[in-house]
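Data block below; observations after.
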Amino acid sequence: MKQLFILCLFLVGACATELPPQFACAPDHDGLSVPDGFCVIVVADSLGRGRHLTVRDNGDVYVALREPIGHGGVAALRDHDGDGTADLIEYFGEIGGTAIGLRDGWIYFGADDQIIRYPLDESEFIPASAPEVAVSGFLEQNSHAAKPFEFDEAGNLYVNIGGPSNACQEMRRTPESPGVDPCPQLDYFGGIWRVTPSILEQNIHEEGTRYATGIRHGVANAWHQGHLFVVQHGRDDLHRLWPDRFEEHLNNELPAEEFFLIREGGDYGWPYCYYDPVKGAKKLSPEYGGNGDIVGRCSEASMPIYGFPAHWAPNDLMFYTGTQFPEKYRGGAFIAFHGSWNRSPNQDGFQVTFLPMENTEVTGEPEIFAGGFVGSNSISTSSEARARPTGLAMGPDGSMYISDSVNGRIWRIIYTGNDG
């Protein structure tokens with residue numbers, strides 16, 4: 001029954017009007033809000049602080065965990081009986097991290113200071129062998145240390161190295177402290193590096209290639225139709241650090257979380273520039289003489305293809321290439337927004353957003369695809385959220401998996417065609 005349902009989805013896209021009886025939706029969609037015709041299934045819960053996740057061709061799910069917490073750095077989930085929930089959960093790995101991906105018989109895992117890989121035979125559920133170090137040489141950093149990565153069609157690995165500061169100030173996050181100019185952090189941080197993972201133990205800075213610069217922290221990244229796309233965590237504290245230049249209410253608007261189409265050799269502006277979505281322009285950061293109006297050197301910085309609201313914290317990006325969801329979603333981008341921690345006066349984000357796209361072009365305005373993660377009440381701090389979406393992945397049948405960083409819940413969203 002399950003196989004026939006999946007085959008139907010693959011061949012004609014959402015041709016089934018009902019789920020098989022054993023594939024039950026969670027009551028009230030487990031508190032999430034999704035568009036009509038979609039069903040939410042709780043795959044697993046209490047795994048640990050989930051980050052990115054990936055799904056194998058056979059449906060096995062692998063979730064990167066921020067901390068091992070006595071189990072392991074990766075949770076492996078398998079659904080034996082076809083009811084949509086994981087009835088086998090195992091852990092492996094001794095370190096925690098953010099990124100995870102499958103490629104050519106290997107499962108890659110991105111810790112803060114290295115990228116490792118485990119051989120994964122087709123018959124194995126979890127790796128039987130110890131990992132190999134694929135990429136090392138990352139310098140120590142106290143903030144934005146996650147190492148998200150993405151593969152291109154040829155198997156090259158693109159690694160985000162976040163900027164280790166807010167805006168490269170002389171005195172870290174100190175009111176009216178100027179920025180260091182030029183910013184020395186850009187030599188080793190704040191951009192994307194490319195390596196060839198078939199060569200083991202590569203030093204990212206000695207053997208890797210600097211692919212793009214000026215990206216504060218690109219946790220959400222995806223390779224799609226021959227291009228790398230990144231949604232950046234924008235800078236913080238324009239009002240707190242520069243109260244004479246930026247009023248507090250502007251924290252809800254500035255700066256945008258920038259959605260980049262990455263070009264090799266591109267400079268996207270950090271720390272010298274930020275994007276003002278209201279004015280539709282890059283502006284000079286106050287640490288470098290900006291006042292909210294001055295453009296200056298930022299006329300040279302690459303522009304985003306879209307600007308999302310401030311401090312929403314984009315943590316994963318997925319282009320929908322399946323056929324299960326309705327036509328409007330195909331080729332579009334889904335972004336998991338982890339939610340703000342210092343947005344004032346209102347916290348926001350905490351949702352999976354859909355942005356319609358065709359090839360590399362944005363074709364419409366974004367809409368909430370999955371909401372309700374914070375619960376029924378408004379929150380004043382991110383710690384009050386019952387869940388925070390962190391990772392996105394597409395299953396072999398075209399359904400969407402979402403991970404949670406609060407309690408380690410995993411959801412699966414399936415299109416049934418039934419309203420309500």
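Throughout, numbering of the chain's residues begins at 1 and tracks the sequence.
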Heavy-atom closest pair, residues [X] and [Y]:
X: Ser399; Y: Ile414; value: CB-CG1, 3.6 Å
X: Phe38; Y: Pro326; value: CZ-CD, 3.7 Å
X: Tyr415; Y: Asp36; value: CE1-O, 4.2 Å
X: Leu317; Y: Val230; value: CD2-N, 4.4 Å
X: Cys39; Y: Thr416; value: CB-CG2, 3.8 Å
X: Val352; Y: Pro389; value: CG2-CB, 4.1 Å

Salt bridge [X]-[Y], side-chain N to carboxylate O under 4.0 Å:
X: Arg51; Y: Asp404; answer: no
X: Arg216; Y: Asp236; answer: yes
X: Asp113; Y: Lys147; answer: no
X: Arg173; Y: Asp237; answer: yes

How long is the gap from [atom1] on [X] to [atom2] on [Y], to the nearest 0.5 Å?
X: His217; Y: Asn315; atom1: NE2; atom2: CG; answer: 7.5 Å
X: Arg245; Y: His239; atom1: CZ; atom2: NE2; answer: 14.0 Å
X: Ile100; Y: Ile115; atom1: CD1; atom2: CD1; answer: 12.5 Å
X: Asp112; Y: Phe138; atom1: CG; atom2: CZ; answer: 10.0 Å
X: Tyr62; Y: Thr54; atom1: OH; atom2: OG1; answer: 9.5 Å
X: Phe109; Y: Phe92; atom1: CZ; atom2: CZ; answer: 8.5 Å

Do [X] and [Y] have their ring centres less than 6.0 Å from each other?
X: Phe308; Y: Phe337; value: yes
X: Tyr158; Y: Trp223; value: yes
X: Trp193; Y: His205; value: yes
X: Phe373; Y: Phe350; value: no
X: Phe319; Y: Phe229; value: yes

Look at the side chain of [X] and the backbone N and O of [Y], then say whether any donor-acceptor pair between them is shorter than 3.5 Å.
X: Trp270; Y: Asn166; result: yes
X: Arg388; Y: Val374; result: no
X: Glu300; Y: Arg297; result: no
X: Asp276; Y: Lys279; result: yes
X: Thr196; Y: Asn156; result: no
X: Ser403; Y: Gly391; result: yes
X: Asp79; Y: Gly84; result: yes
X: Asp152; Y: Ala154; result: yes
X: Asp30; Y: Leu32; result: no
X: Arg66; Y: Gly96; result: no

Problem set entry | Test applied, side-chain contact (heavy atoms from CB on, under 4.5 Å); reference residue, Ile107; option that passes from Pro127, Pro119, Pro131 |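 The passing option is Pro127.
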For this session: Give me the one residue out of Asn160, Ile215, Val219 that meets side-chain contact (heavy atoms from CB on, under 4.5 Å) with Gln232.
Result: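 Looking at Asn160, Ile215, Val219, the match for Gln232 under the side-chain contact (heavy atoms from CB on, under 4.5 Å) is Ile215.
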Check whether more than 12 heavy atoms from other residues, nucleotides or ligands sit under 6.0 Å from atom [atom1] of [X], and answer yes or no.
X: Tyr188; atom1: OH; value: no
X: Asp121; atom1: CG; value: yes
X: Ile368; atom1: CD1; value: no
X: Glu358; atom1: CD; value: no
X: Gln225; atom1: CD; value: yes
X: Glu122; atom1: CD; value: no
X: Asn142; atom1: CG; value: no

For this session: Give the ring-plane orientation class for Tyr329 versus Phe369, where under 30° counts as parallel, over 60° as perpendicular and anything between as tilted.
Result: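 Geometry flag for Phe369 against Tyr329: perpendicular rings.
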For this session: Classify the ring geometry between Phe325 and Tyr320 as parallel (under 30°), tilted (30 to 60°) or perpendicular (over 60°).
Result: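 Because their plane-to-plane angle is under 30°, the rings of Phe325 and Tyr320 count as parallel.
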For this session: For residues 282-291, pull every pair meeting side chain to side chain donor-acceptor pair (under 3.5 Å), keeping only residues two or more places apart or in separate chains.
Result: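 Listed once each, the pairs are Arg235-Glu287, Trp242-Glu287, Glu258-Lys282.
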For this session: Output all residues satisfying salt bridge (charged side-chain N to carboxylate O under 4.0 Å, His left out) with Glu264, sequence neighbours left out; order by chain, then residue number.
Result: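 With neighbours one apart ignored, the set is Arg194.
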For this session: Only counting residues at least two apart or in another chain, list the ones meeting salt bridge (charged side-chain N to carboxylate O under 4.0 Å, His left out) with Asp45.
Result: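 Partners of Asp45 under the salt bridge (charged side-chain N to carboxylate O under 4.0 Å, His left out) test: Arg409.
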For this session: I would like to know whether Glu361 and Asn359 meet side-chain contact (heavy atoms from CB on, under 4.5 Å); could you show each step before the answer?
Result: CA-CA 6 Å; Glu361 302 292 327; Asn359 299 320; 5.7 Å; no
Close side-chain approach of [X] to [Y], heavy-atom, < 4.5 Å:
X: His227; Y: Thr360; value: yes
X: Pro255; Y: Pro277; value: no
X: Tyr108; Y: Leu102; value: no
X: Gln141; Y: Ile161; value: yes
X: Tyr91; Y: Leu65; value: yes
X: Thr85; Y: Val43; value: no
X: Glu90; Y: Leu77; value: no
X: Met400; Y: Leu392; value: yes

Exercise. Does the pair Arg412 and Asp397 meet the rule for a salt bridge (charged side-chain N to carboxylate O under 4.0 Å, His left out), with working shown?
Worked result: CA-CA 11 Å; Arg412 182 178 178 183; Asp397 65 342; 2.8 Å; yes
For this session: Dump the intermediate steps for side chain to side chain donor-acceptor pair (under 3.5 Å) on His338 and Ser405, then the final yes or no.
Result: CA-CA 9 Å; His338 197 225; Ser405 70; 2.6 Å; yes
Exercise. In terms of side-chain heavy atoms, does Glu365 have a donor or acceptor partner in Tyr306 at a distance below 3.5 Å?
Worked result: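 Glu365 vs Tyr306: donor-acceptor pair found between side chains.
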